[in-house]
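Notes for the one structure printed next.
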Amino acid sequence: MANTKYVFVTGGVSSSLGKGIIAASLAKLLQARGYRVTIQKLDPYINVDPGTLNPYEHGECYVTDDGAETDLDLGHYERFLNTNTSQANNVTTGRIYKSVIEKERRGEFLGKTVQVVPHITNEIKERIQILGKSGNYDIVITEIGGTVGDIESLPYIEAVRQLKWELGDTNALVIHLTLIPYLSAAGELKTKPTQHSVKTLMESGIKADILVCRTEHELSDDLRRKLALFCNVKQEAVIQSIDASTIYDVPNLMLEEGLDRVVLQQLVLRMDNVPDLEKWNDFLQRHRNPKHQVTIGLIGKYVELQDSYKSILEAFIHAGAENEVKVNVVSIHSEFITNETIAKQIAHLDGILVAPGFGERGIEGKIKAVQFARENNLPFFGICLGMQMAVIEYSRNVLGLEDACSLEVNENASHPVINLMEEQKNITDMGGTMRLGSWDCELSEGSKVFDAYGKRLIAERHRHRYEYNNKYKEQLENAGLKTTGINPKTGLVEIIEIPDHPWFVGVQYHPEYKSTVANPHPLFIAFVKAAVEYSKNNKSAKVSQG
Ligand code: GLN
């Protein structure tokens with residue numbers, strides 16, 4: 001195909017309407033019709049990337065193969081499309097300004113006054129078109145973060161207006177996602193907020209081509225007609241997006257509403273190719289009909305905000321469907337795990353996952369949880385900080401190194417079993433300086449991880465500063481904590497496991513980032529399987545005791 005087509009997704013009326021899911025669902029449908037699609041997120045905040053944001057502020061920071069620390073919506077894009085995103089797929093105002101200011105310092109603007117229009121808007125337009133110009137995509141979907149009318153999003157809206165004008169209506173279109181609130185006192189759905197939001201967009205010179213309306217109730221034909229008339233869109237371009245029980249239902253709901261057809265029609269692209277959603281629907285079928293259920297404890301410290309562990313929760317959904325098991329995840333705040341409470345908090349579970357994290361808060365609770373799982377043969381999965389806690393626990397309680405710790409938590413630990421790599425020692429900038437992105441890892445044959453992956457060489461995504469201290473490797477191995485995954489170039493330990501335990505695996509990387517609907521992550525699949533085994537054995541043990 002000669003030229004790439006662009007779809008912009010803006011939001012109105014309220015934040016948190018799920019632009020990311022709508023963008024990902026549309027992309028899924030277009031992909032299922034054979035188009036090459038990617039999605040990009042533009043975020044109107046001044047952080048250069050979300051890597052420095054507290055998870056309480058913005059949810060999980062998602063990491064791509066090329067080491068970009070990005071918005072969690074990119075996780076949805078990858079999970080839906082089963083394709084990789086990269087640095088180019090997430091751009092923030094901070095990054096735009098940084099690059100414009102750097103150009104100004106280099107004198108690239110030849111003495112001109114540098115302004116929001118045209119310099120910032122040009123930079124935004126360039127970033128939007130980078131993906132299109134790569135020649136790899138037929139359609140690029142760009143989601144504009146924030147809500148129309150926000151001061152912060154104005155330069156983005158102006159850039160979209162200009163691009164739409166430059167590219168023409170058959171090459172670029174705007175989808176406006178909005179809310180149709182239901183007033184229970186009046187027993188009515190209300191269109192006025194949407195009319196205002198479309199008008200606000202119009203004040204910036206943009207006419208929405210398609211309205212996607214979030215609603216708790218079905219939109220009647222009359223209401224659709226009214227929305228079309230007052231918002232100046234075709235009636236078939238009023239798309240209902242009714243609340244769904246799972247985000248994975250949204251592509252089918254959008255297919256029923258004809259979202260993909262309206263998009264293809266306006267972009268003058270063929271639509272005789274029927275969407276192939278066979279694999280997707282097969283996953284949904286298994287997700288909806290579990291034969292068994294297990295309960296996993298997610299031990300972390302950002303548990304108040306579900307979005308903090310988004311990719312982990314989604315990876316459980318994928319692995320659950322694969323095993324035809326419903327995985328109930330209960331969050332347990334590691335700060336509140338004590339010797340007195342631990343049995344009550346953990347003993348009834350079928351497995352625990354000790355989560356990634358930063359800083360010292362909640363560390364001791366995590367270590368206690370690891371010990372409980374190790375001593376009680378409870379399936380254990382440690383991710384990043386969770387793996388580091390397993391190394392500390394083993395060093396303290398099996399090797400007897402009492403003050404074994406991570407240098408992140410105790411700078412003066414006499415046994416820094418988790419330490420800082422040489423190249424990290426002189427780093428002062430916090431943003432973008434961790435060990436990031438995809439790194440190779442070689443697995444030991446005969447290990448649980450080798451069984452799970454079914455191959456020797458894997459590559460997984462990292463985001464951490466601290467590492468397993470190889471000085472303790474021999475001691476730990478001899479005491480039974482095996483290192484079953486090593487980086488072949490650096491010799492860094494990426495995986496630990498206890499062979500005598502039913503399932504005790506800790507990984508320095510983040511497997512959750514690579515789990516998708518089409519490719520559930522092998523370690524999550526194996527962990528859920530181990531939890532099912534544990535629950536079956538435990539139940540039969542309880543029955544025989546009773
Ligand atoms: N805080 C730890 C480190 O930087 C672990 C990071 C993580 O869990 N992502 O090494």
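In each ligand, atom 1 is the first atom listed, and ligand 1 is the first ligand listed. By convention here, the first residue in the shown sequence is residue 1.
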My understanding is that only residues two or more places apart in sequence, or in another chain, count here; which of them pass ring-ring contact (aromatic ring centres under 6.0 Å, His included) with F380?
F504

Please determine whether a side-chain nitrogen of the Lys or Arg among [X] and [Y] lies less than 4.0 Å from a carboxylate oxygen of the Asp or Glu.
X	Y	answer
E408	R465	no
E78	K310	no
K301	E335	no
E533	K529	no
E364	K368	no

What are the distances between nitrogen or oxygen atoms of ligand 1 and protein nitrogen or oxygen atoms, counting only those under 3.5 Å?
unit_1	atom_1	unit_2	atom_2	d
ligand 1	1 (N)	G357	O	2.9
ligand 1	1 (N)	E408	OE1	2.7
ligand 1	1 (N)	E408	OE2	3.0
ligand 1	4 (O)	R465	N	2.9
ligand 1	8 (O)	G357	N	2.9
ligand 1	8 (O)	G357	O	3.4
ligand 1	8 (O)	L385	N	3.0
ligand 1	9 (N)	R463	O	2.9
ligand 1	9 (N)	H510	NE2	3.1
ligand 1	10 (O)	Q388	NE2	3.1
ligand 1	10 (O)	R465	N	3.2
ligand 1	10 (O)	Y466	N	2.8

